[in-house]
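Structure, as structure tokens:
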Amino acid sequence: MKNLRIFSFLLVFCFSGVTLFSQMKKDPSRFFDPAKLTEVGTYYYPEHWDESQWKRDFIKMKELGFEFVHFAEFAWAMLEPSEGVYDFAWLDKAVDLASEQGLKVIMCTSTATPPVWLVRKHPDVLIRHENGTKMDHGARQHPSFSNIFYREYAMKMIEKLAQHYGKDKRIMGWQLDNEPRPHFDFGEDAHNRFREWLKRKYSSIDALNTAWGTRFWSQIYSDFSEINIPRLSQMFMNSHQILDYQRFATEETISFLNEQTRTIRKHTIPEQWITTNLIPEYSDGHLRYIDQLDFHSYTRYMVFGERFGMGEKGYRLGHVERIAKANDFFRTVDGVYGVMELQPGQVNWGRINPQPYPGAVRLWLWHVFAGGSKFTCTYRFRQPIYGTELYHYGIVGPDGVTTSNGGLEFVRFINEIKTLRKAYNPSVSNPKEYENRRTAILYNHENTWEMERNRQTTEWNTERHVDKYYNALKSFGAPVDFIDERNDFSVYNVMLAPAYQMIDDALVARWRDYVEKGGNLVLTARTGHKNRMGQLFETQFAEKIFSLIGAKLDFYDLLLPHHPDNVKFEGKNYSWTSWGEVFVPERNTETWAAYEGDFYAGRPAVIHRKLGKGSVTYVGVDSKDGNLEKEVLKKLYKKLNISLLDLPEGLHIEYRDGFGIAVNYGEKAYVLPISDKSEFIVGGKSIPKAGVSVWNEKK
Ligand code: GAL
């Protein structure tokens with residue numbers, strides 16, 4: 001019976017997936033009025049407060065300038081208090097009262113918090129850990145995306161919600177679940193679905209044995225039914241099997257969200273959009289492609305006591321790259337993105353939860369805007385007085401009426417946006433020099449999974465490696481688009497593919513084609529070592545890219561932390577420990593940097609060659625502080641006649657809708673390197689710490 005259910009479930013899923021996937025996604029910018037530039041909203045949980053206070057709270061939101069409100073994110077138990085019995089009356093009242101104040105509504109699917117009746121009736125909905133224990137009711141995010149009952153009940157509830165609100169013009173859009181990400185679940189349904197997934201992927205068990213290299217240590221399978229989800233904590237567990245399991249767990253999340261989208265879309269008017277709120281964890285990268293969403297949104301917390309940011313107290317502002325990179329990562333997926341959660345003050349969940357620096361909240365709001373966001377929503381309006389998040393700040397404090405300092409910064413931003421709307425001129429576009437610097441970073445989270453599992457040295461960190469290039473580009477004032485292999489490479493003059501470990505012939509051919517037609521490709525250490533299953537090629541190490549980079553890789557070396565070595569580039573030394581590749585270049589390949597120390601002193605670490613109308617640069621070493629990477633890129637852009645800025649760390653400049661926007665996460669004030677003809681709308685040419693400047697460039 002259960003197998004039959006699984007089968008029919010898969011059939012429905014595959015069929016509807018195929019039909020919808022073939023429909024072209026319509027441009028999601030249609031949902032947003034360009035003249036508004038951006039809109040600001042706030043989370044509100046009517047179910048947490050006495051009904052008599054709702055109206056007062058919506059009036060306050062309106063007075064503060066918020067334009068929309070976010071409802072029902074964790075409300076399943078109130079919406080379906082017992083099985084099949086739905087209650088929307090309370091939510092209807094909240095929608096009525098909010099819209100009386102002119103507030104639009106984001107409606108949520110509350111799938112992160114199933115009601116207790118469901119959990120007790122079907123305990124298998126709970127995620128099972130690797131050690132056999134299960135999660136329980138009493139928190140959130142405890143159900144398994146693979147559990148058949150959970151998915152059935154979730155879709156029934158979502159369908160009712162969509163029938164109820166799908167034709168309501170006051171609802172601007174939908175948010176699915178909350179911060180969904182792959183769950184590592186060891187339940188029975190997850191096992192069954194993993195085996196089914198493998199059967200679809202591999203034509204036979206022999207094909208799977210080959211892909212997983214199971215002859216190694218006698219791991220050979222004779223039937224799919226023998227396969228279990230890999231024990232992630234077991235030492236030396238088959239890494240090819242883990243790679244497939246990570247892919248499966250990610251696809252489970254995507255399929256769950258796609259199923260929600262299809263369920264909602266049966267009942268909605270075209271004006272309502274559908275998104276979800278993702279945590280920018282770059283190893284969950286292909287959650288960027290939850291293909292049936294209208295666009296992707298992200299959540300970002302900047303201050304939670306970690307030593308991010310510049311200087312001793314940089315933790316009060318957070319690191320500039322955390323918002324910048326999230327903007328550049330999500331914007332490129334659909335051309336449109338929103339930010340669903342931005343903290344209005346202290347949070348409760350860090351190990352230490354300090355106050356943000358005065359002005360920090362406004363700085364983040366402007367930074368999100370600078371990346372192109374269509375809206376920003378804050379978590380949350382009222383500070384809660386019960387539950388897990390008691391110490392979490394809101395726009396107003398626990399009394400429900402006193403605006404917090406962060407709340408006042410939201411108000412300031414909202415008012416500044418109103419001024420900007422008046423200055424908006426749709427015919428003005430971003431400056432040419434800015435657009436000329438636009439650079440792509442080709443990124444695939446699967447490389448990150450693979451390298452983090454097989455680091456080979458404690459000195460290696462994949463995300464930090466990518467950041468060295470990213471931060472260099474931002475210091476040049478370059479707009480950056482994180483793209484993946486679904487994108488067209490040819491629109492970028494320069495494309496970086498840092499540590500692109502897993503490749504195939506088709507990708508190498510695309511890279512070559514891109515370069516021959518005029519593109520400038522930058523590849524970096526660890527690129528091209530493995531196939532898509534994480535196995536080495538039966539060739540010389542990394543041979544697949546030799547003819548592209550114009551060199552042979554002789555060997556790679558990894559140093560101990562206590563004794564870094566140097567690489568010399570244009571007369572200056574740069575130290576490294578984590579990864580260094582030593583090349584034998586072809587005759588026409590230039591050596592840009594060479595190793596200084598040890599038995600391979602004088603041999604190439606950074607090489608460059610022309611190919612067709614373009615060029616390939618290979619940076620085979622990962623420097624300690626990223627300065628080598630920055631200087632190498634500078635040299636390349638100079639060769640290409642692309643003019644660069646030289647911004648100090650923490651100062652970013654972006655353009656959107658014709659406006660220049662600068663944000664300063666640095667420790668001191670700076671003078672902006674922009675034309676004197678610029679007309680400032682916010683701030684000025686000197687930008688203080690935590691300051692923002694916004695200008696129009698007068699022609
Ligand atoms: C987020 C989460 C929110 C809320 C918030 C508190 O990660 O999505 O629901 O818990 O943290 O800062």
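One-based numbering, in listed order, for ligands and for the atoms of each. Given the structure is predicted, the values throughout are model-derived calculations rather than measurements.
- Not one N or O of Asn348 is nearer than 3.5 Å to an N or O of ligand 1, by distance alone.
- Looking at Asn258 and Thr261, their side chains never bring a donor and an acceptor atom within 3.5 Å of each other.
- Listed by chain and residue number, nothing satisfies the salt bridge (Lys or Arg N to Asp or Glu O under 4.0 Å) test with Lys60 (two or more places apart in sequence, or in another chain).
- Heavy atoms from other residues, nucleotides or ligands lying under 6.0 Å from NZ of Lys55 number 12 at most.
- Not counting sequence neighbours, the partners of Lys325 by the salt bridge (Lys or Arg N to Asp or Glu O under 4.0 Å) test are Glu463, Asp467.
- Looking only at protein heavy atoms, the nearest one to atom 7 (O) of ligand 1 is Glu179 OE1, 2.6 Å.
- Using a 3.5 Å distance cut-off with no hydrogens or angles, the side chains of Gln272 and Tyr165 do not pair a donor with an acceptor.
- Counting only N and O atoms by type, the side chains of Ser297 and Thr275 include a donor and acceptor under 3.5 Å apart.
- Close approach to His392 involves these atoms of ligand 1, each under 4.0 Å from a residue heavy atom: 6 (C), 12 (O).
- Between Glu389 and ligand 1, an N or O atom pair is found at a separation short of 3.5 Å.
- Contacts between Asn178 and ligand 1 below 4.0 angstrom, taking non-hydrogen atoms only, involve the side chain exclusively.
- Only the side chain of Glu341 comes within 4.0 Å of ligand 1, counting heavy atoms alone; its backbone N, CA, C and O stay farther away.
- The contact set between ligand 1 and Phe74, taken as ligand atoms under 4.0 Å from a residue heavy atom, comprises 9 (O).
- A donor-acceptor pair shorter than 3.5 Å can be found between the side chains of Tyr43 and Glu341.
- The protein heavy-atom contact nearest to atom 11 (O) of ligand 1 is Tyr301 OH, 3.7 Å.
- Atoms of ligand 1 lying under 4.0 Å from at least one heavy atom of Trp349, given by number and element, are 6 (C), 12 (O).
- Contacts between Arg140 and ligand 1 below 4.0 angstrom, taking non-hydrogen atoms only, involve the side chain exclusively.
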